[in-house]
Protein chains: 2
Amino acid sequence: MKKVNDTLDWPALIAAQPAAGLIPEPLREMAKRVDAEASETLFRVGDPVLHVYLVISGEARLTRLGRNGREVILQRSRGGFIAEASLDSRTYHCDAIAAEPTTLLLFPTAAFRVALGAEPSFCKAWQSQLAREVRKLRAQCERLSLPSAADRINHYIESEGTDGAVTINQSRKSWAAELGLSHEALYRALRRMQDEGVLEVDGNRLISKP
Amino acid sequence: MKKVNDTLDWPALIAAQPAAGLIPEPLREMAKRVDAEASETLFRVGDPVLHVYLVISGEARLTRLGRNGREVILQRSRGGFIAEASLDSRTYHCDAIAAEPTTLLLFPTAAFRVALGAEPSFCKAWQSQLAREVRKLRAQCERLSLPSAADRINHYIESEGTDGAVTINQSRKSWAAELGLSHEALYRALRRMQDEGVLEVDGNRLISKP
DNA sequence: CGTACTTTTGAATCGCATCAAATCTGGTGG
DNA sequence: CCACCAGATTTGATGCGATTCAAAAGTACG
C-alpha cells in the first residue's frame with residue numbers, strides 16, 4: 001500500500017468523483033493518497049477504524065469469509081466512499097481489499113467526525129450517502145430473496161441498469177458471488193436465457209428482451 | 001388508521017423506545033400518534049414521503065411484491081424508526097404495513113429535516129441510526145448468500161441472538177420469508193437440526209448446540 | 001511460452017420449491 | 001360454552017434447479 005504525497009488536484013478529482021465534492025476544505029488538506037495493488041488488503045475484521053476511505057479509481061470491496069470458506073461480497077465500490085457505516089464503530093466488522101489496482105484517499109476518522117459536526121451541509125450530504133447505501137442494500141436483499149438465477153439476473157438488470165440493459169463491470173465469477181450463485185449456475189442461466197430469447201449478451205452488456 | 005390526540009407521555013415513551021429519545025423538543029410537539037390494525041397499510045410504493053414513522057409498539061414492515069407475487073420483507077421494525085432511508089426521497093420505493101395492531105408516531109418530514117439541520121446532536125444520532133441499518137442489512141445480505149437453510153438459521157442465531165441462542169418474535173412463516181426460504185423448508189430444516197442434535201427448540205427460543 | 005485465472009461445458013447429487021393435505025391454533029359469533 | 005373459521009404449523013411426495021466435482025478451452029500477463 002504505497003502512500004503518495006502529491007498535491008491533490010481537487011477540481012479534477014471532484015469532476016471524476018462527485019462524492020469527493022462533499023468534503024469540506026479543512027478536511028481535504030488532511031487527505032492521504034494511497035495506491036493499492038490488486039488483491040491487496042486495506043483493512044481486516046477487528047482492525048480499529050482509523051480512516052474513512054474514498055475510492056478514486058479502481059475497485060475496493062468489503063468481504064467476509066463464511067464458515068465454509070465462501071467469500072461473500074458485502075459492498076463493491078468503484079468510486080465513492082467505502083465502509084461508510086464503520087464511521088461510528090470502533091473496529092471493522094469485515095475485510096476490505098482492492099479488487100484491482102486502486103487509488104484511494106484516506107481521511108482521519110477523528111477529523112472526519114469533527115467536520116460532520118461543524119458543517120451542516122456536509123452532515124446532510126453524508127446522510128444522503130448513508131440513505132443511498134441503505135436503499136442499495138435493500139435492493140440487494142430483495143434480489144437475494146429470489147429463488148431462481150434467472151430472476152436474480154432480471155432483477156439486477158432492472159434495478160442496476162437502465163432501459164432494460166446493463167453493463168457488467170466485473171468478471172462473471174465475482175458477479176456470480178454478488179448474486180449469491182455459483183459461477184457455473186450463472187453461466188448456465190445466461191446461456192438458457194439467451195436460448196430462450198429473453199436476453200441478449202454482447203460482451204459485458206446485457207439486454208433483456210420482452 | 002385511527003389518529004389519537006393524547007398528550008404524549010414522553011418520559012415513559014423514551015423508556016420503552018430509546019430511539020424516541022433522539023427527537024428534540026420542538027419536533028416532539030408535532031408528533032401525531034396513530035393506531036393501526038393488523039395488516040393495515042401505512043403507505044404504498046409511489047406515495048409522497050409526508051411523515052417519518054416511529055414504531056412505539058407492535059410491528060411495522062416494509063415489503064415489496066415481486067413479479068411472481070412473492071412478498072419480500074425489506075425491513076421489520078418492532079420499535080424504532082422505519083423507512084429511515086426515505087427521508088431524502090420524494091416518494092416511497094416500497095410498501096409499509098402493520099403486521100399486528102401497532103402504535104406509531106408520525107413526524108412531518110419537513111420539520112424533521114429542519115430539526116436535523118438545527119440540532120447537531122440529533123443529526124449525529126440519526127447518522128448512527130442509518131449506519132446501524134446499513135450494518136443490519138449487510139448481515140442480512142450475508143445470510144441470504146448462504147446456500148442452505150441450516151446455514152441461514154445458524155447465521156441468524158449468531159448475528160441476531162446472544163450466546164448461541166435467540167428468541168423468534170414472529171411466526172415461523174414470516175421468519176421463513178425473512179430468511180428467503182419457503183416455510184416448509186424452514187420447518188424441515190429445524191426438524192433435521194433437532195434430530196441431528198445441533199439445535200434445541202423450545203417454543204420460540206432456539207438454542208444452537210455445538 | 002508458461003502459469004494462473006476465468007470461462008465454459010458435463011455429469012451426478014442434493015436440497016429447496018411446489019403442490020397437497022392433515023392437524024393445530026386462536027379468535028369470533030351463535 | 002361450543003361450533004366454526006382463518007390462519008399457522010406440520011408432514012408427504014415430486015420435480016426442478018442449484019451445488020458440487022471434474023475437466024477442457026480460452027485469456028491475460030510476466
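As a basis for the values below, the full set of heavy atoms in this structure was taken, side chains included, without hydrogen atoms, waters or symmetry mates. Not measured: the values here are computed from a predicted model. Letters A, B, ... are given to chains in the order of the sequence lines, protein chains preceding strands, and every chain is numbered from 1.
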Checklist outcome for this item: Heavy-atom nearest pair, B:Leu144 first then B:Arg152, reads O-NH2, 3.6 Å
Checklist entry - At under 4.0 Å between heavy atoms, what does B:Ala149 touch on the DNA or RNA strands: base, sugar-phosphate, or nothing? => result sugar-phosphate
Checklist entry - What's the verdict on side-chain contact (heavy atoms from CB on, under 4.5 Å) for A:Thr91 and A:Phe43, showing C-alpha distance, side-chain angles and the deciding distance? => result CA-CA 10 Å; A:Thr91 61; A:Phe43 55 78; over 6 Å; no
Checklist entry - How close or far is atom C1' of C:dT9 from atom CG of A:Asp195, stated in whole angstroms? => result 13 Å
Next on the checklist: For a quick check under 3.5 Å, do B:Arg132 and B:Gln129 share a side-chain donor-acceptor pair by atom type?
Outcome noted: yes
Checklist entry - Checking A:Ser89 side chain against A:Tyr92 main chain: does a donor-acceptor pair fall under 3.5 Å? => result no
Next on the checklist: Base, sugar-phosphate or nothing for B:Arg152? Non-hydrogen atoms, less than 4.0 Å.
Outcome noted: nothing
Checklist entry - Are A:Arg143 and A:Ser159 close enough, and set up right, to give a side chain to side chain donor-acceptor pair (under 3.5 Å), and what steps lead you there? => result CA-CA 9 Å; A:Arg143 189 177 309 135; A:Ser159 62; 2.9 Å; yes
Checklist entry - Rounded to whole angstrom units, what separation is found between the CG atom of B:Leu190 and the C1' atom of C:dC16? => result 15 Å
Using nucleotides 6-13 of chain D, report all nitrogen or oxygen pairs with the protein that are shorter than 3.5 Å.
{"from": "D:dA8", "atom 1": "OP2", "to": "B:Lys173", "atom 2": "NZ", "distance (Å)": "3.1"}
{"from": "D:dT9", "atom 1": "OP1", "to": "B:Arg172", "atom 2": "N", "distance (Å)": "3.3"}
{"from": "D:dT9", "atom 1": "OP2", "to": "B:Arg172", "atom 2": "N", "distance (Å)": "3.1"}
{"from": "D:dT9", "atom 1": "OP2", "to": "B:Lys173", "atom 2": "N", "distance (Å)": "3.0"}
{"from": "D:dT9", "atom 1": "OP2", "to": "B:Tyr187", "atom 2": "OH", "distance (Å)": "3.1"}
{"from": "D:dT9", "atom 1": "O5'", "to": "B:Tyr187", "atom 2": "OH", "distance (Å)": "3.0"}
{"from": "D:dT11", "atom 1": "OP1", "to": "B:Arg191", "atom 2": "NH2", "distance (Å)": "3.1"}
{"from": "D:dG12", "atom 1": "N7", "to": "B:Arg188", "atom 2": "NH1", "distance (Å)": "2.9"}
{"from": "D:dG12", "atom 1": "O6", "to": "B:Arg188", "atom 2": "NH2", "distance (Å)": "3.3"}
{"from": "D:dA13", "atom 1": "N6", "to": "B:Arg188", "atom 2": "NH2", "distance (Å)": "3.2"}

Item to check | Atom-pair distance (CE on A:Met193; P on D:dA18), nearest Å | outcome: 11 Å
Next on the checklist: Pairing donors with acceptors under 3.5 angstrom, does anything connect the side chains of A:Glu178 and A:Gln170?
Outcome noted: yes
Next on the checklist: If I take atom CH2 in residue A:Trp175 and atom P in nucleotide C:dT7, what distance separates them, rounded to the nearest angstrom?
Outcome noted: 11 Å
Checklist entry - Nearest-Å distance, CG (A:Leu179) to C1' (D:dA18)? => result 14 Å
Next on the checklist: Please evaluate residues B:Asp95 and B:Thr63 with respect to the criterion side chain to side chain donor-acceptor pair (under 3.5 Å), reporting the C-alpha separation (whole Å), side-chain torsions for both, the decisive distance (0.1 Å), and the verdict.
Outcome noted: CA-CA 5 Å; B:Asp95 300 324; B:Thr63 64; 4.5 Å; no
Checklist entry - For the pair made of CG in A:Leu186 and C1' in C:dT9, what is the distance, rounded to whole Å? => result 14 Å
Item to check | Degree of bending, the helix from C:dC1-D:dG30 to C:dG30-D:dC1 (end axes from five pairs; round to 10°) | outcome: 50°
Checklist entry - Quick one: B:Asp151 CG to C:dG15 C1', roughly how many Å, whole number? => result 12 Å
Item to check | B:Asn204-B:Thr167 side chain donor-acceptor pair, cut-off 3.5 Å | outcome: no
Item to check | Residue pair B:Ile56 / B:Leu105, side-chain heavy-atom distance below 4.5 Å | outcome: yes
Next on the checklist: Between P on C:dT6 and CD1 on A:Ile168, what's the gap in Å once rounded to a whole number?
Outcome noted: 16 Å
